[in-house]
Structure formats: C-alpha cells, structure tokens
Amino acid sequence: MYNYLDFERPVADLEGQILELRKIEAEDGAVDVHEEIDRLETRSRDALASLYQKLTPWQKTQVARHPDRPHCNDYIKRLITDFTPLAGDRYYAEDYAMIAGFGRFDGQSVAVIGQEKGNDTQTRLKHNFGMARPEGYRKAVRVMELAARFDIPVVTLVDTAGAYPGIGAEERGQAEAIARSIETCLNLTVPLVSVVLGEGGSGGAIAIATANRVYMLEHAIYSVISPEAGASILWRDATRARDVAQAMKITAQDLKEFGIIDAIVEEPIGGAHRDPDSAIEAAASHVRAGFSELSGLDGATLKTQRREKFLSIGRNL
Amino acid sequence: MNWITNYVRPKFSSLLGPRTVPDNLWIKCPETGEMVFHKDLEANQWVVPSSGFHMKIRAYDRLKAFFDEGLYETVDLPEVATDPLKFRDSKRYTERLKEYRSKTSMEDAVVVARGDIEDLPIVATVQDFAFMGGSLGMAAGEAIIRGFETALAERKPMVLFSASGGARMQEGILSLMQLPRTTAALEMLKEAGLPYVVVLTNPTAGGVSASYAMLGDVHIAEPGAVIGFAGARVIEQTIREKLPDGFQRAEYLLEHGMVDMVVHRHELKPTISSLLKVWLKKPASVKSQARALNGSGRSLQSETASADSPGPTASDAA
C-alpha cells in the first residue's frame, strides 16, 4: 500500500481494485480473476506513467516531499560502505538534521554530507524534519575541511525545506553558518558533487550545494523560497502555493534550462518512492560520472572551476 | 588617469542622482513619534537628531556622507537579463521594475563607487532598500561582484553597506544563485589580502545575511538595525512563541558575537578608516592624530562620553 498523493487518485482507485481482487483470489481459488487483474494492472501502470509524464510544479513539490521518498540515510545505506558518521560542530551541539561522515563509494574513500528528514514521527522529530540549525552547517564545514585535508572527494545530498527558523538558530548565527558553509564549498580543493534528492530549500540547500557538479532528481524541486512562504510574501495568501510553484520555476527541468544544474537524475515511473533502489542507483551513476569527470584535476583547478561555474550562472540567459 | 576628472561633485550628483522626495515634509521618528523636518534629517544623515534613531538612508546620500568632501565616482555596472522567469504575481515583474526605476532613479538596488575616506582610497558597495527592498537579484548580484572585482583590480579595500530583505523572489532560483556567486567574487578579494568591511544596516536579512554580508573581516552594525536570517514573522509562526525584546537587533547580535561593534552613522567613516589604516599599515590620518593629541583618541569610551557624538555602543561592553 502506498501513501497516495491527491492527484494520484485514479491510480489509487485502480490499485485498490487490484488489491480487492487479489484478496478474493486468495480466499477462493475457484474464482478466476487473473485476466481482470492483468487488465487493471496495465491500466494502472499506464495511468501512473501518464500522470508522472506531465506533473505540474505543485505536483512535483508533493512528490519531492512524499513521506516514502528515499532520504539521505537510505542513499547512504545503499551506496556507502564502511560509513562512519561524525557528530557535532565542536562549538555547541550535534545537529541530527545534518548527516556527515566518511565511508566508501565504489570502494573509494568519500565524505558524505546531507540533510535527513526522517521517516516516521520519532525520526522526523529527531532530525528536525531535515531543517538544520547553525550547528549542522558548522558540522558540514568541519567535515568538508577534513575531507580536503585527507584529499577525499565530497558528495552532498540535499533534502531540506530550508534552514531552521528559530530563536536559538538566529542567536547562534544561522546566517553566518550558512554563509561560511557556502564559502567553504567555494574554497574546497577536492571534488564536490551534489545531488538534490527531494527539496532544495533556499539558503539551507545552497549551503552544501555549491558544488562542481549539481544533479537533481527528476521530480525534485529547488527554490529560493518554499511555495507556501512565497505565496504568503508575494500574494499575502499561503493558499496560493501552487501558483508560486508554477511561477517560480522550481523543477529540475526548469533549472536544467537555466543552466543551474548539470543533469537530471531519472526517477522510476511513479516517483522515487515507488522504487527507491532504482532511484538511488540512478543517482549513484551520476555521482560516479561526476567524480570521474573531476578525477585527476588538481585542487586549484577544482576550486577555480567551481567558482567559475557559479559566476557564469545567468550570464547567458 | 582621468578618473580624478570624472569625480562627481556632490551637489551635481545630488541634482542628477536619485533624491528622496518625502511625501511629507515632516517625518515621524519611528521610535519617539516626534515630527522632524526632512531637511534636518537629511542634514543629519537621516539620523533623528533628538532620539538618535537611524532611519534608512538612500544609497547616494550614503556615498555623499561617507566619502571625503562627498566626492566619489560611480563604477559602471554590468547589464543582466531582464525577467528570465517571466514572472508575475499581482503585477508583472517587468512592470514592477519599471515603477521602482522611475521612483528611485536607480537601475537596480546596488551602487558601486570609488573614492577616499580620510584620504584612504577604497571601493564602496551600497545597497538601497528603496529599490524593491534592496533585494538581491541578478542585477544586484552582478553589481556586488563588480564591486569586489573593482576593489581587487585596484587593490583597494572594500566597504560594503548591506540593506536588504534578502533574495528577490521574482527571480526565483537565479536570485538564490547570487549567494554563491557573490561569495565566489569575495573569496578572490580575500585571497589577494585585501580587507573587506561590512556595515550592516537596517535591515539585513535572508540570502544577503547568509552570504557576503556575514563574511566580512569586520562586521559593523548601525544602531537598532535588524539583522538576521529568517524573518521575525516566520520564526513566530514556526515556534508559536513571542520573540524576545530586541531580537535580531544590532545590539543583540553584538552580544551574541555576530558583529564586532555597533557604530553611530556619523562615526562610521573614522571608525572604518582607522581600522583599515592599521590593517594596511598606513599612517594614521591627520584627523585621528589630532584626536589623539587632544587626549580624546578615538577610543570607544571617550566617544560615548561626549554628548553630541553618540559613540559606538560597543563601549557599553568595554
């Protein structure tokens, strides 16, 4: 059973019928419902494919936030061996919203940094729904600098609604922490590759996504402000989030067109949550390609290329 | 070198340049409610004379007040693509731009200028809140980058006055990209060993505070300025709590270690030029030598002591 999104209603109905028939089949083997199941499965597959072919930006926003969508820890579990997570910024606290540590990707040493949203009430609370505080960004800086010292490439996995807006976060310099993290990305002398897994929420995202290569999952979003907050600022009406999602151009396809991301990671039909393993593998193959393009470049070149990549954004529009 | 001849005379520039034309000749002090004649405010760099409240000041007024004898030369700024998102909310973004351009006589929210402060040549970048809340879009981003590039090419220190609500929503993700872009340009200045002074003015928030405005070699805030990442309303909605008094104000940031000092607008020039000259190992200015001779060296303490010159609030901690 999936958690269906409102626009997936037609698929939900069909898949509901299939489940019913399966139950009947299991209870009473004499009834032959095979054909009917096959027919419904084809219909529901087609319905899903056609829905996901033309998702609106607002629908993509919902998919990007889908509770079953694979998160940072799922990627780490599947792709990184010998993973050793590190904790703490060495100034104030540990921030569970930001995962950072070292391990192996394809057998090669790698540093992994990313926001984790959690996947049930308990873990969501623990990870603060993926919204990092200053400590999270300072931990990211710490691990990036360690990686540079040991000459180990860095991959960042971006999935956050944004940096956490709270009193303590402000007191301890949320803005400064993000700024430093961007600065550290720009000064890094090792390859830095970034994947936007779900939500790329504003400053909280760019803090770790100022990378040599930036990839984005097919139905991920990346935006200067969440559609809801944008609506309340621009229209003074938070219910107009879907209009903002449309107007702000937040999809992977839009960002590819603007030259802000390097490639789109294809998702399985029906979104990454329908087949997490294949989504994770698709992302891995882009990261692999990114690292191989960057391998052999010296630190100064990596740094210069990264800066020039960002400086050139928007100059050819 | 003909840039000296290109100097814009202050009076001339204020005739041509944008002017603050108050709707009302009398302006209310937001703190005390006192009505102040606009000419008196202008003459006092938009600081309310009696209360010391720092009002927002237009970019060109800032430059005029900051540079020696009000002399400066503006730096040409790059053109950028207009409205790549074809954005409209209640109004077309292009319409909105047009309105602000005619209202402010500025192309966008940032001005870059070169000139001297107490005889020290510097490059200054000023954000103007009057232009769409000083928001950081592609034009402002390119202007800030050009500022850093100019300082680097001319091997001068950079003094940046931030005033911005944050990224420009109407340019979406392209405005977010100004965070790494401006920071990339700044890093080149830093690597060249050139000092970078940030003057945080009211307000400095969002993407601006989360990039170049919080990466200064020194952070100087104007009294009472609101400086933070998230807006107070957003925080209140998130945590459903009242915010503490003075939250995100300059003095609050000083206490929390995010700024080095809170300095009265009138004291910005001597404060900045003095520190820059120490950093650059240049001789002290005649003025500051005179101050030292008078036994009233520009120590933070002595300034607070003198009644007509409200000194840096940093002295409270001294």
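By convention in this document, chain letters (A, B, ...) are assigned in the order of the sequence lines, proteins followed by strands, and residues within each chain are numbered from 1. These numbers come from a predicted model, not from an experiment.
For a heavy-atom cut-off of 4.5 Å, chain B lies close to A:R307, A:F310, A:L311, A:I313, A:G314, A:R315, A:L317 in residues 304-317 of chain A. Interface with chain B: from residues 184-203 of chain A, residues A:L186, A:N187, A:S202, A:G203 qualify, criterion being any non-hydrogen pair under 4.5 Å.
More than 12 heavy atoms of other residues, nucleotides or ligands lie within 6.0 Å of CD in A:E293, so this atom counts as buried by the packing criterion. Heavy-atom neighbours of B:K56 NZ from other residues, nucleotides or ligands within 6.0 Å: above the threshold of 12. Counting heavy atoms of neighbouring residues, nucleotides and ligands inside a 6.0 Å radius, atom CG of A:D298 exceeds 12 of them. By the 6.0 Å contact criterion, CZ on B:R101 is enclosed, its count of non-hydrogen atoms from other residues, nucleotides or ligands being greater than 12.
The shortest non-hydrogen separation linking B:M214 to A:A179 is CB-CB, 4.2 Å. A:A163 and B:F229 get closest at one heavy-atom pair: CB-CE2, 3.7 Å. The two residues A:G166 and B:I239 come nearest to each other via the heavy atoms CA-CG2, 4.3 Å. Scanning all heavy atoms of the two residues, the minimum distance from B:I173 to A:S223 falls at CD1-N, 4.0 Å. The shortest non-hydrogen separation linking B:P180 to A:I182 is CA-CG2, 3.8 Å.
Of the atoms belonging to B:E236, not a single heavy atom falls under 4.5 Å from chain A. Heavy atoms of B:L85 lying under 4.5 Å from chain A belong to its backbone as well as its side chain. Heavy-atom distances place the side chain of A:Y164, and not its backbone, under 4.5 Å from chain B. Proximity to chain A (any heavy atom under 4.5 Å) is shown, for B:M169, by both the backbone and the side chain. A:I225 touches chain B through its side chain: at least one heavy atom from C-beta onward sits under 4.5 Å away, while N, CA, C and O do not. With a threshold of 4.5 angstrom between heavy atoms, B:T238 approaches chain A through side-chain atoms but not through N, CA, C or O. With a 4.5 angstrom heavy-atom cutoff, B:Q170 touches chain A only via side-chain atoms. Using a 4.5 Å cut-off between heavy atoms, A:L255 contacts chain B through its side chain alone, with no backbone atom that close. In this structure, the portion of B:R88 lying under 4.5 Å from any heavy atom of chain A is its backbone and not its side chain.
Using a 4.5 Å heavy-atom cutoff, the side chains of A:M248 and B:F87 are in contact. A 4.5 Å side-chain heavy-atom check between B:L215 and A:E176 finds every atom pair outside the cut-off.
A salt bridge links A:K303 with B:E191: the closest approach of a Lys/Arg side-chain nitrogen to an acidic carboxylate oxygen falls below 4.0 angstrom.
Atoms CD and NE2, on A:E170 and B:H256 in that order, are 11.0 Å from each other to the nearest 0.5 Å. For the atom pair CD1 of A:I178 and OG of B:S211, the computed distance is 10.0 Å after rounding to the nearest 0.5 Å.
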**Study point:** side chain to side chain contact (heavy atoms under 4.5 Å, CB included) between B:K190 and A:E183, intermediate numbers included
**Key:** CA-CA 11 Å; B:K190 286 189 174 177; A:E183 186 177 50; 2.9 Å; yes

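Ranked by heavy-atom pairs shorter than 4.5 Å toward chain B, the options A:T210, A:I260, A:V244 are led by A:I260.
Donor-acceptor pairing under 3.5 Å is recorded for the side chains of A:E171 and B:Y252.
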